[in-house]
Amino acid sequence: MEDAEGIELQITAADDKEPNSSNDASSINNKMQLPKLIHYKWWLRVTCYMLFLLSGQSAATLLGGLYYDKGGNSKWMATFVQSAGFPILLPLLFFFTYPIKSNTATNPISSSFANKPEGPKLSTLTFLYIGFGALLTGDNLMYSYGLLYLPVSTYSLLCATQLAFNALFSFFLNSQKLSPFVLNSLILLTASASLLAVNADSENPAGIPRRKYVIGFFCTLGASATYSLYLSLVQLSFEKVINKETFSTVLNMQIYPSFVATCGCVVGLFASREWESLENEMKEYKEGKVSYLMTLIWTAITWQVSSVGLLGLIFEVSSLFSNVISTLALPLVPILAVIFFHDKMNGVKVMAMLLAIWGFLSYIYQHYLDDAKSKTSLTSENEVAGAQLETG
């Protein structure tokens, strides 16, 4: 009887084990399929952010050039509209409060959020937002000088040096590796900016002294370096300080520093006494008062759209990748500037544009290699897990 009961217990245990094995197998299969689904969702979010960045940046740059081209002359007003559109993001802040689940194998920033303690103190966040806001105020002012004293096409090409500066800052602040392709892109973008500098004598716009052209050149170059530093510091803040994986985190990083930057611009507008000439500027605007107001309003809106896309890419990928996508507008803006503002597109400028595009493609290829390597590693891990289950 005891032997019979023992045999019966073994059969029962075996029967119990079979469904468990089946469940384990289905669980492994689900885990093998889940990364693919997460990967597609991640690419969908990244694509949306890319569209925001490219469309917003191109439109904002052209509208900024239009403001100066049609009679605008206030540097602080041009700086003000780069950050003053943040209130349009407030409804999104209240609406998007759900957590973003990112693929940690693809997203290095999201993976760094795992097993983190609670979020930072209010005083820490306040310090971050004020610091970033002050940095943006100075950066936007330098960009305004550059757009005032340079043709839009030259200004846009110089902005491509952001990628070179950002790669260096990412190397020191974000542990970004500088592969041969990334180094190649740095060299090409540096050469592109150098060509524009050499071309200064033949490219001065009518009525702009060489001294102001040089000021515009170095202000744009300095703004590119400052903005690259800002992006790397934002990524560092996402990784080391901010411990929430939500879209509202991205919006907060845009809204509060923009509020601080806007306050700084208001102070600059009154301190420089430029506010006294704004009424006459609006009256003398070539396209009329309504066009003057609409140019400023849409410039503010498009800069916010661009910034949300930029910060979203920093959150999902890295500051260096966001800057690379920003330079994707490089071939578009100079061509549009030739069409709408009649900028000259001489041989040196064409060569500078081709070098910058080559530098951009060099980095994109490196990102493609990194992404392919990540997929291969993930597939290998899933195959090992499945093989272990079969042998078990």
Side-chain angles (χ1 to χ4, degrees), residues 46-69 78-86 88-89 136 139-148 150-166 189 192-193 219-221 223-228 230-231 234 250-251 253-254 257-258 261 295-341 343 353 356-357 359-360 363-364:
V46 168
T47 302
C48 289
Y49 288 137
M50 288 168 61
L51 291 175
F52 286 164
L53 175 57
L54 293 174
S55 60
Q57 178 181 284
S58 299
T61 303
L62 290 173
L63 286 170
L66 180 66
Y67 167 74
Y68 286 127
D69 189 61
T79 304
F80 174 80
V81 295
Q82 293 183 50
S83 57
F86 71 89
I88 67 171
L89 302 178
L136 283 177
D139 181 67
N140 292 341
L141 182 61
M142 286 190 287
Y143 273 132
S144 297
Y145 271 98
L147 201 54
L148 175 62
L150 296 176
V152 175
S153 54
T154 304
Y155 167 87
S156 179
L157 290 172
L158 276 175
C159 287
T161 57
Q162 288 180 8
L163 183 58
F165 288 120
N166 195 215
L189 288 168
S192 175
C219 278
T220 305
L221 212 57
S224 297
T226 304
Y227 198 59
S228 299
Y230 163 75
L231 295 180
V234 167
V250 177
L251 291 176
M253 187 58 77
Q254 174 59 21
S258 292
T295 298
L296 294 178
I297 290 171
W298 281 105
T299 302
I301 292 173
T302 50
W303 273 124
Q304 293 303 308
V305 171
S306 171
S307 297
V308 169
L310 188 81
L311 291 172
L313 289 177
I314 295 175
F315 184 81
E316 292 290 346
V317 191
S318 69
S319 62
L320 187 56
F321 180 80
S322 67
N323 232 332
V324 168
I325 299 304
S326 178
T327 60
L328 186 58
L330 173 68
L332 181 62
V333 174
I335 294 172
L336 292 176
V338 171
I339 296 172
F340 292 108
F341 302 117
D343 283 359
M353 185 170 68
I357 294 173
F360 165 77
Y363 179 78
I364 281 293

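Here, residue 1 is the first one in the sequence, and each next residue gets the next number.
- Under the 4.5 Å side-chain criterion, counting only non-hydrogen atoms from C-beta, Y230 is in contact with V234.
- Note that CG of N140 and CE of M142 are 9.0 Å apart. Values are rounded to the nearest 0.5 Å.
- Going from atom CG of L310 over to atom CE of M50 covers 12.5 Å, rounded to the nearest 0.5 Å.
- Here L63 contributes atom CG and I297 contributes atom CD1; the two are 11.5 Å apart, rounded to the nearest 0.5 Å.
- F52 CZ: 12 or fewer foreign heavy atoms inside a 6.0 Å radius.
- The heavy-atom pair separating S224 from C159 by the smallest distance is OG-CA, 3.7 Å.
- Contact of the T61 side chain with the Q57 side chain is registered, since non-hydrogen atoms from C-beta on lie closer than 4.5 Å.
- Scanning for side chain to side chain donor-acceptor pair (under 3.5 Å) contacts around S306 gives an empty result, with sequence neighbours left out.
- With hydrogens and angles disregarded, no donor-acceptor distance shorter than 3.5 Å links the side chain of D69 to the backbone of G65.
- Rounding to the nearest 0.5 angstrom, the gap separating the SG atom in C48 from the CG atom in L313 is 10.5 Å.
- The distance from the OG1 atom of T226 to the CZ atom of F165 is 9.0 Å, given to the nearest 0.5 Å.
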Criterion side-chain contact (heavy atoms from CB on, under 4.5 Å) on V81 and T295, from CA distance to verdict: CA-CA 10 Å; V81 295; T295 298; over 6 Å; no
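- With sequence neighbours excluded, the residues that form a side chain to side chain donor-acceptor pair (under 3.5 Å) with S258 are Q254.
- Counting heavy atoms from C-beta outward, Y143 and D139 have side chains that approach closer than 4.5 Å.
- Rounding to the nearest 0.5 Å places CG of L158 at 11.5 Å from CG of L147.
- For the pair Y227 and L136, the minimum side-chain heavy-atom distance is below 4.5 Å.
- Pairing each heavy atom of A59 with each of T302, the nearest pair is CB-CG2, 3.8 Å.
- Qualifying side chain to side chain donor-acceptor pair (under 3.5 Å) partners for S144, counting only residues two or more places apart in sequence or in other chains: T79, Q82.
- Shown here are the side-chain contact (heavy atoms from CB on, under 4.5 Å) partners of A84, two or more places apart in sequence or in another chain: F80, T262.
- Shown here are the side chain to side chain donor-acceptor pair (under 3.5 Å) partners of Y155, two or more places apart in sequence or in another chain: there are none.
- Of all the heavy atoms in V250 and V308, the pair that sits closest is CG1-O, 4.3 Å.
- Here the closest non-hydrogen pair linking S228 and N166 is O-ND2, 3.2 Å.
- Nearest approach of T299 to G64, heavy atoms of both residues: OG1-N, 4.3 Å.
- Applying the ring pair (Phe, Tyr, Trp, His ring centres under 6.0 Å) rule to Y68 yields no partners; only residues at least two apart in sequence or on another chain are considered.
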